[in-house]
Number of protein chains: 2
Amino acid sequence: MVETTRRREIEEVASSLFHRHGYSGTSVRDIARALDIQGASLYAHVASKQDVLWSIVDRTATRFENAAAAATTYTTVPPSPTNTLAALVKAHVGIVTDDVQRASVFVHEWRSLSPERRADVARRRDEYEGRFRSVIARGGEDGSFAAGDPVAAASYILTALNGLVAWYRPDGRLSPAEISDAYVLLSLRSVGAGSRQRHEVPA
Amino acid sequence: MVETTRRREIEEVASSLFHRHGYSGTSVRDIARALDIQGASLYAHVASKQDVLWSIVDRTATRFENAAAAATTYTTVPPSPTNTLAALVKAHVGIVTDDVQRASVFVHEWRSLSPERRADVARRRDEYEGRFRSVIARGGEDGSFAAGDPVAAASYILTALNGLVAWYRPDGRLSPAEISDAYVLLSLRSVGAGSRQRHEVPA
DNA sequence: CCTACCGATCGGTAGG
DNA sequence: CCTACCGATCGGTAGG
């Protein structure tokens with residue numbers, strides 16, 4: 001499908017409405033009204049309401065994936081567990097603060113996707129969370145982090161990061177950079193990094 | 001309103017359905033079908049769909065509040081920031097694992113409440129989160145915890161705890177007690193407790 | 001707790 | 001992008 005300007009506008013207002021009222025709580029007419037067109041006219045641009053949700057979720061999932069891949073691959077030297085986890089957290093917070101509405105829809109509304117698409121997203125989320133799990137496990141093994149269940153720790157950290165969509169406001173007290181720094185610190189400390197930084201592998 | 005058995009059953013199946021499909025995604029007929037009665041018959045027991053949601057949310061909010069009040073007041077001695085925060089986290093995880101469905105509805109569906117009720121819940125949530133903020137601030141002042149923004153730390157921890165509703169399964173790999181222990185540890189470490197336990201106030 | 005029913009709104013299509 | 005329209009479903013009421 002061609003990427004028209006109108007299509008982008010539709011996804012933008014839909015993100016805002018889905019964020020505030022949820023997918024089920026937003027009607028096709030609600031989206032149309034925000035664009036000053038008739039409800040039926042929306043179908044000149046999109047195949048279905050579900051397709052709009054899918055575009056938002058898929059695009060945002062890809063953003064998270066690319067940012068995490070970059071953080072894992074091109075992390076600052078040395079590529080220690082501490083530095084990699086810090087880069088992953090920073091990347092995640094960056095995507096969220098860059099577009100809270102789309103991020104919020106991705107986090108909360110993927111349940112409203114059709115079964116096949118939901119399964120696809122579930123798989124990709126697990127793969128994404130796997131990056132966190134494996135770096136935490138690696139840090140536990142080499143002494144960078146304190147011992148502990150990497151699965152529980154990864155879930156804990158990721159849901160804390162995702163919770164940002166519920167309270168982040170672009171005009172809030174803390175800037176994206178301040179939040180990012182605070183969240184990196186909280187995440188690193190939660191797995192016991194810092195107390196043993198001296199064990200870190202020399203460059 | 002009288003607290004009949006049927007009324008309790010309605011809230012129970014509604015919690016399950018709201019948890020899986022959301023409030024907007026669940027119809028009055030869906031709830032009735034799960035009880036093997038006609039959709040209209042539900043109104044012999046409840047005033048509206050909204051009232052069912054309110055019962056679930058209000059009851060769960062009260063549970064969280066009572067548990068947190070108990071954790072703050074009757075915490076193990078000494079009532080240090082470390083022990084109090086640990087008790088708050090343990091209490092929160094306990095409520096969630098005790099009834100994930102109701103907890104999930106409380107966490108996710110309070111946006112679907114009427115404006116007045118939503119405002120009421122928002123106020124109570126802020127008060128609840130305030131307990132976390134103040135103990136974290138106190139720990140930062142007396143050296144129990146590392147320095148940092150108590151507001152960001154409280155949000156980070158609480159959303160991590162709430163995220164549990166998304167992945168906790170009663171038949172999962174980790175028992176409620178194991179999750180609780182892991183989450184207490186992760187939370188305490190996130191604010192820098194443990195690395196300075198020697199500063200703790202003697203009994 | 002039932003049958004019968006209400007007006008409103010839902011996502012979506014036809015045809016221009 | 002519009003008007004006109006579709007069948008289905010929505011939350012809820014009347015009256016028993």
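Throughout, a chain's letter reflects where its sequence line sits, starting with A, and its residues are numbered from 1.
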When the aromatic ring centroids of B:H92 and B:Y128 are compared, is their separation below 6.0 Å? yes
Under the side-chain contact (heavy atoms from CB on, under 4.5 Å) rule, collect the residues that match up with A:A154, sequence neighbours excluded. A:E129, A:F132, A:R133, A:I136
Reading nucleotides 4-16 of chain C 5' to 3', which nucleotides get B (base under 4.0 Å from a protein heavy atom), which S (sugar-phosphate only), which -? BB----SBBB---
One thing to verify: whether A:R123 and A:D126 come together as a salt bridge, which I'm taking to mean a side-chain N less than 4.0 angstrom from a carboxylate O. no
In terms of side-chain geometry, is the basic nitrogen of B:R124 or B:D120 positioned less than 4.0 Å from the acidic oxygen of its partner? yes
Nucleotide pairing, DNA chain C (Watson-Crick or G-U, distances under 3.5 Å), in dot-bracket with [ ] and |: ||||||||||||||||
SB check A:R63 A:D98 (cutoff 4.0 Å): yes
Nearest 0.5 angstrom please: B:R138 CZ to B:T82 OG1, how far? 9.5 Å
Salt-bridge criterion met for B:R59 and B:E11 (N-O under 4.0 Å): yes
Take the protein atom CD of A:Q38 and the nucleotide atom C1' of D:dC2, then report the distance between them rounded to whole Å. 7 Å
A:Y23 ring centre to A:R111 NZ or CZ under 6.0 Å, with the angle to the axis within 45°? no
